[in-house]
Amino acid sequence: MAEKILMPRLSDTMTEGVIAAWHKKVGDTVKKGDLLAEVETDKATMELESYKDGVLLHIGTEKGGKLQVDDLLAIVGTAGEDISGLLGGGSAPAPEKKEEKKEEKAEKTEEPKKKDGGSSLDISKMDEVVLMPRLSDTMTEGVIASWNKNVGDDVKKGDVLAEIETDKATMELESYKNGKLLYQGAKKGEKIQVNDLLCIIGEEGKVDVDAVVAAAKGGGAVSSGETAKEEKAAPAEASASAESNATATESNNEGGRVKASPLAKKLASEKGIDISKVKGSGDGGRIVKSDIDNFKETAAPATSAPAAKAAVSTVPAGQVSFDEVPVSQMRKVIAKRLSESLFTAPHFYLTMQIDMDAAVAGRAKINEFSPVKVSFNDMVLKACAIALKQHPAVNSSWLGDKIRVNHHVNIGVAVAVEDGLLVPVVRFADGKSLSAISGEVKEFAKKAKDKKLQPSDWEGSTFTISNLGMFGIDEFTAIINPPDACILAVGGISQVPVVKNGQVVPGNIMKVTLSCDHRVVDGATGAAFLQTLKSLLEEPLRMLA
């Protein structure tokens, strides 16, 4: 039976998408997980995978065409199948198609009851089933940061269902269906693989939840009825106990849920704060990070104190003790991608010493007039952008059977966050001023620490800079961030004795190390790039020309 694929919302602000490329054409066989198309959103070009098996029978628009969110993107079904009813053509056959659909749906709901296992049920073709979406280009699984709807709650199209922690950020997941939340595939804090059952939304009594869950798990009876009752009972008890605290929660509760940003919820959980007691200062009473930071518990300090003391009790001398911390999604991806980079790309390293006397003096003068404070890292980034235009081989990517030489310069800046490392990208850096670069990097750093970076912020780098100079590191080597061919490791500026005009004088020296993928960049190529970078930083006025 043919199924529609609608244009999904691939970013939080997306209203329409442009088809950048089709990877399947009408008549091609499509498997679940196959790359269907590349969709250009308002922030990035993202790959769209198929969640169905079959044959591509129709595409909503050709390459370069625009589609609104929820418009018909494609139809996947069996070869030769009549899809005129799905296209809206033919007034006579359309009702028959609908009747056939109703009969087929009835057969689908009856079949699992007869088979007791429901293992033959294809949940990917059910309108009521919501599968875990791929919310970032490297995401393989998501962690439920919180549910904004409980089992039994009414759900409308556009409502926030849950907050999902990916490998790079915590993102809100909106519902694209109307109905009632009948089942949750995981509890808060649990993991779900991409394309696994996330939840079921439909009309109560018309969906065999047991059969769907059993099919999702590959068989095995699950008493979803009992689960639903338990989950309904829990919110009922919670709401009963919350009535006594109504005055504290009225300001930030709406429809039975606390209005708070994902970061605020995470901070409240880490600090053990009951978020329902926090008064929000954001729009519509929404709780934000500052509300959590400034919150002071006014009740029950005596009961929490002993627990705190117990938590920090010292371990007796001579006793083995340790903590085991679960690996975060971000750390998993860092481990996977950098291991692949180090063990598949043949790295070699070039280190150069740069006289930063002129850069130190130049920065002081620039900051007298710049609207934002320019850092040495901003100057290094600008110098790299100019040097990359002169040495395009360093601004390249290894693609297996070909090398992509990039004409644009998008520089990734490594930013350390609590859970690991993020690399937001300064796009077209060669055409931006120092103050523009500085403002963009500062904004990225803030968004990274607040976990508000979007996929479009970290995709598409052609070169990467990692700076540990602020930590007092003189020099180090960095692992290449694929698919880039090089990464520059920047050390701190140190005052050391140097020889100038035959005399030993104090000088400001900075060491940089270029890690190169030898499949793309040779030693002489990397060295020439560093020579250009050195000349730009030693005479910074050249960057302003």
Side-chain angles (χ1 to χ4, degrees), residues 1-6 8 30-33 49-54 76-78 98 100-135 140-144 147-157 159-162 164 173-188 190-235:
M1 180 179 171
E3 292 283 335
K4 290 182 178 180
I5 297 178
L6 305 181
V30 177
K31 292 183 179 179
K32 193 173 179 180
E49 293 183 355
S50 173
Y51 295 101
K52 305 177 187 300
D53 294 328
V76 176
T78 54
K98 288 180 181 177
E100 287 174 16
K101 280 186 180 181
K102 287 179 181 177
E103 290 173 5
E104 286 174 15
K105 281 187 179 179
E107 288 173 7
K108 281 183 181 179
T109 54
E110 287 172 9
E111 258 181 60
K113 291 179 183 177
K114 293 176 184 176
K115 294 184 180 179
D116 291 324
S119 58
S120 62
L121 191 64
D122 186 355
I123 64 171
S124 67
K125 295 182 178 179
M126 295 184 66
D127 291 336
E128 298 82 5
V129 169
V130 179
L131 304 179
M132 172 62 79
R134 187 186 302 277
L135 297 172
T140 57
E141 64 184 11
V143 175
I144 305 297
W147 281 103
N148 292 344
K149 296 288 183 180
N150 297 315
V151 170
D153 287 355
D154 289 326
V155 177
K156 292 182 180 179
K157 190 174 180 180
D159 284 355
V160 177
L161 273 179
I164 311 294
L173 180 69
E174 293 184 358
S175 172
Y176 294 101
K177 305 174 188 295
N178 295 325
K180 185 166 288 203
L181 184 60
L182 304 176
Y183 175 81
Q184 295 174 340
K187 294 180 181 178
K188 178 182 175 181
E190 293 181 347
K191 299 174 184 175
I192 300 184
Q193 298 293 315
V194 169
N195 293 335
D196 278 2
L197 178 62
L198 177 63
C199 64
I200 300 173
I201 299 173
E203 293 185 46
E204 199 167 12
K206 292 190 177 182
V207 182
D208 191 338
V209 177
D210 290 341
V212 174
V213 175
K217 294 182 178 179
V222 176
S223 180
S224 62
E226 292 178 9
T227 304
K229 285 178 185 177
E230 289 173 5
E231 290 182 313
K232 283 182 187 177

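As the structure is a computational prediction, the values presented were derived from the model and not from experiment.
- At least one side-chain heavy atom of Tyr183 sits less than 4.5 Å from a side-chain heavy atom of Val213.
- The minimum heavy-atom distance linking Val143 with Lys191 is given by the pair CG2-CG, 3.7 Å.
- Enclosure of atom CD in Glu203 is not indicated, since only 12 or fewer non-hydrogen atoms of other residues, nucleotides or ligands lie within 6.0 angstrom.
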- For Ile5 and Val76, run side chain to side chain contact (heavy atoms under 4.5 Å, CB included): C-alpha distance rounded to whole Å, both residues' side-chain angles, the deciding distance at 0.1 Å, then the answer. CA-CA 8 Å; Ile5 297 178; Val76 176; 3.7 Å; yes

- Message: Go through it in stages, so that I can follow the logic: the residues are Leu182 and Glu128, the test is side chain to side chain contact (heavy atoms under 4.5 Å, CB included), and I'd like the CA-CA distance, side-chain angles, deciding distance and then a yes or no.
- Response: CA-CA 9 Å; Leu182 304 176; Glu128 298 82 5; over 6 Å; no

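- The heavy-atom pair separating Lys157 from Asn178 by the smallest distance is N-OD1, 2.6 Å.
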- Can Asn150 and Leu181 be said to form a side chain to side chain contact (heavy atoms under 4.5 Å, CB included), step by step? CA-CA 7 Å; Asn150 297 315; Leu181 184 60; 5.7 Å; no

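- With rounding to the nearest 0.5 angstrom, the CD atom of Gln184 is 9.5 Å from the CD1 atom of Ile192.
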- Item | Asp159/Lys149 under side chain to side chain contact (heavy atoms under 4.5 Å, CB included): CA gap, chis, key distance, verdict | CA-CA 9 Å; Asp159 284 355; Lys149 296 288 183 180; 3.5 Å; yes

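- Using a 4.5 Å cut-off on side-chain heavy atoms (C-beta onward), Val207 and Ile200 make contact.
- Between Ile201 and Ser175, the closest heavy-atom pair is CD1-OG, 3.8 Å.
- Between Cys199 and Leu197, the shortest heavy-atom contact is O-CD1, 3.6 Å.
- No salt bridge links Asp153 with Lys180; every basic N to acidic carboxylate O contact stays at or beyond 4.0 Å.
- Of all non-hydrogen atoms in Leu131 and Leu198, the two that sit nearest each other are C-CB, 4.0 Å.
- At distances below 3.5 Å, at least one donor-acceptor pair connects side-chain atoms of Trp147 with backbone N or O atoms of Ala186.
- Counting all heavy atoms, side chain and backbone alike, Leu173 lies closest to Pro133 at CD1-CG, 3.6 Å.
- Legend: residues meeting salt bridge (charged side-chain N to carboxylate O under 4.0 Å, His left out) with Glu190, ordered by chain and number and at least two apart, are absent.
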